[in-house]
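A quick write-up on the structure given underneath.
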Amino acid sequence: MHRRSQFILRRHLSHLHFHSGESASHTFPRSIPPPCSTAISFRVCDSIPPMATFGLADYDDLLRGCTRRRAIKEGRVVHAHMIKSHFVTSVRLANRLLVMYVKGGSLEDARQVLDGMSQRDVISWTAMMSGYSQHGRSFEALEQLPRMLRTGILPNEYTLATVLPSCTGHSGQDHGRQIHSLAVKSNFDSHMFVGSSLLDMYSKVGEIKDARRVFNMLPHRDVVSCTAIISGYAQSGLDEEALEVFQQLQREGMECNYVTFVSLLTAIAGLAALDFGRQVHGLVIRSELLFYVVLDNSLIDMYSKCGSLKHSRRVFDNMPERSVISWNTMLMGYGKHGLGREVVQLFKSMFREVKPNGVTFLAVLSGCSHGGLIDEGLDIFGYMVSDQRLKPEIGHYGCVVDLLGRAGRIEEALDVIKNMPYEPTSALWNSLLGACRLHAKISIGEVVARKLLDMEPDNASNYVILSNIYAASGRWQDVARVRESMKLKKLTKEPGRSSIQLDKVMHIFFSSDRSHPQRKEIFDKITEVCERIKAAGYVPDLSCVLHDVDDEQKESILLGHSEKLAIAFGLMGNACRESIRITKNLRICIDCHNFAKYVSNVYQMEISLRDSSRFHLVAGGTCSCGDYW
DNA sequence: CTAGGGTTAG
């Protein structure tokens, strides 16, 4: 009897078809069949013989199938049938329903099931938390925990691993620590899943040391916890540490999967460690993993951030399948290298494969701006708004301001800022300021710089800029005033840091660094370089120094900039290099940019310099950025 | 029936 009834219900369900216009399909992984259309109502149940009796096992079986296939519409039919036949469910079956709705993506239905339950167990609560958490509703996910505790139910390892990812944002750390103590009390803190969630929680709230402590305390380590600590370091910007942990774990015979490689590649991209990146790529190939779009995307990004667009493109071209992120990553790579034509060309060809999104336009617009394609960029912005019907975000307006500013159309840029539906950010004012500097718009520049100073009174570089503007118009009293107020605030800039990889070794220099073992030779080299390029016309731009010291000291401060140390180091030795690659954590200063251009000419050396905003490919006395960055 | 790590942009 049961078998038969089950068959009948199944047969009915198999008649439900999916309407091709249904939009819900994209929220489901491709391997799972799409859900039934909303056009199907519960009337289907009417055609099930009303006398058909289903047992607990039948419903259980049906619901399990619906959950696995994420077939929420079918699940609703089963649910309605249960109600119609006044079936009294057990907690276990109600949990099945709950999970079916959670996995199917309908929190409202899940909530209703939960509210209708006369008895709940730890699984019911945990399933609900999981639902909120997967929908990014962290607050509600967390809220369930004390409510559950008040009913006398204790969390298990599943519960803790489920709520921990919801400890984000401002109070995330407090909540996370409370849950940590709860985990200690209930002896779940050394559980593998709870441990890696705790580890991840600490790294995401910026407490990487605590994350490491949790990692060290784990009785066993597996791929996930190892990946979590590597990813934690990478996301905290501690790229060297990420690499170090990977190498150590590798020696201990750690198992790797594609997520491990993705996290590792993020760190390598941050360091611009091309040699190491190639080794890891080799490792990936040798490990004969299946194809993962995410992994190839990371490889594309790694190569482009390491300055090798050729390799990025090779990975991109060989992918059997690409996502919008693959395209965006490639576009971003071309953009950061100043290759505007390639950006536009690639953008035009992406439509046959994927639909562009907001990030795509960010990449294309900034690519046009860096590549000097002003009209193309403005056209594409118009296309984005009118044809693609995408609502521009503040970043898109920032790109437009950049485009107009670069073209010297400062007033139009100001109009855009005035009319956009967002409050301008400091980044936006900064880009306008760059334009004012380039086109010598002193009076607007002053207004903008003051605004910036109001918004970020603790950012040292804003004082530098304002003082430079005053200096350019000979207003020395104002210059003195700005310097005075800066001195009073005792502001410090983030130390400049440049690295250069030579013969597979990464050399790191801080500004005015005297710690390198070859500091004497480096200093001598800089002095020599300086003399030679001065003879070719180089004049140090002393306005880049803010300290109130005499000109001689200013020049010596300028010569201590980390990128100059790295360039000098790259010119040392007998090796006949034709090119060097340098990476800097901040934006390159005007004087160092100029210095690099002279060096490239006098020493016939190509310098590829990645700063915090883009690549500068300096050769033959000119730079690919066209002096706008 | 409930659980952990991941890619572009800022």
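These numbers were taken from a predicted model, which means no experiment stands behind them. A, B, ... follow the sequence lines: proteins, then strands. Residue 1 opens every chain.
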Q. Taking the side chain from Q144(A) and the backbone from E140(A), do they hold a donor-acceptor pair closer than 3.5 Å?
A. yes
Q: Please collect all salt bridge (charged side-chain N to carboxylate O under 4.0 Å, His left out) contacts where either partner lies in residues 212-224 of chain A, sequence neighbours excluded, each pair once.
A: D210(A)-R213(A), R221(A)-E252(A)
Q) At under 4.0 Å between heavy atoms, what does T260(A) touch on the DNA or RNA strands: base, sugar-phosphate, or nothing? A) base
**Q.** ring pair (Phe, Tyr, Trp, His ring centres under 6.0 Å) contacts in which one or both residues fall within residues 113-134 of chain A, not counting sequence neighbours
**A.** none
(Q) Contact list please: residues 199-215 of chain A against DNA chain B, heavy atoms, distance less than 4.0 Å, in numerical order. (A) D200(A), K204(A)
Q | Within-4.5 Å side-chain heavy-atom neighbours: S186(A) and E157(A) | A | no
(Q) Is any side-chain heavy atom of D239(A) closer than 4.5 Å to one of I268(A)? (A) no
Q. How would you list, by chain and number, every residue that makes a ring-ring contact (aromatic ring centres under 6.0 Å, His included) with F361(A), sequence neighbours excluded?
A. F347(A)
Q: Under 4.0 Å between any heavy atoms, over every strand shown, what does N257(A) touch: base, sugar-phosphate, or nothing? Just pick one.
A: base
Q | Close side-chain approach of L198(A) to V194(A), heavy-atom, < 4.5 Å | A | yes
**Q.** Over 12 non-hydrogen atoms of neighbours within 6.0 angstrom of CE in M455(A)
**A.** yes
Q | Strand-adjacent residues in residues 290-300 of chain A, judged by heavy atoms under 4.0 Å from DNA chain B | A | V294(A), N297(A), S298(A)
(Q) Mind checking if V259(A) touches a base, just sugar-phosphate, or nothing, with heavy atoms under 4.0 Å? (A) base
Q) Between which nucleotides of DNA chain B, 5' to 3', does chain A make heavy-atom contacts below 4.0 Å? A) dC1(B) to dA9(B)
Q: Could you check whether V223(A) gets within reach of a base, just the sugar-phosphate, or nothing at all, counting any heavy atom under 4.0 Å?
A: base
Q.
Below 4.0 angstrom, which residues in residues 181-197 of chain A have at least one non-hydrogen atom near DNA chain B?
A. H191(A), M192(A), F193(A), S196(A), S197(A)
Tabulate below the donor-acceptor pairs under 3.5 Å that side-chain atoms of residues 163-170 of chain A make, not counting sequence neighbours, or state none.
none

Q: Name the nucleic acid region contacted by Q235(A), choosing base, sugar-phosphate or nothing; use a 4.0 angstrom heavy-atom cut-off, strictly under.
A: sugar-phosphate
Q. In residues 153-164 of chain A, what residues come within less than 4.0 Å of DNA chain B, judged by heavy atoms?
A. N156(A), E157(A), Y158(A), A161(A), T162(A)
Q: May I ask you to check whether over 12 heavy atoms, not counting those of E393(A), lie within 6.0 Å of atom CD?
A: no
Q: Any salt bridge (charged side-chain N to carboxylate O under 4.0 Å, His left out) involving residues 304-313 of chain A? Give me the pairs, sequence neighbours left out, ordered by first then second residue.
A: D301(A)-K305(A), R313(A)-D317(A)
Q. How would you list all residue pairs meeting salt bridge (charged side-chain N to carboxylate O under 4.0 Å, His left out) that involve residues 327-345 of chain A, not counting sequence neighbours?
A. R341(A)-E376(A)
Q: Kindly say whether the aromatic ring centers of F87(A) and Y59(A) come within a distance under 6.0 Å.
A: yes
Q) Which residue pairs satisfy the salt bridge (charged side-chain N to carboxylate O under 4.0 Å, His left out) criterion with at least one member in residues 278-298 of chain A, sequence neighbours excluded? A) none
**Q.** Side-chain donor or acceptor of W629(A) paired with backbone N/O of H616(A) under 3.5 Å
**A.** no
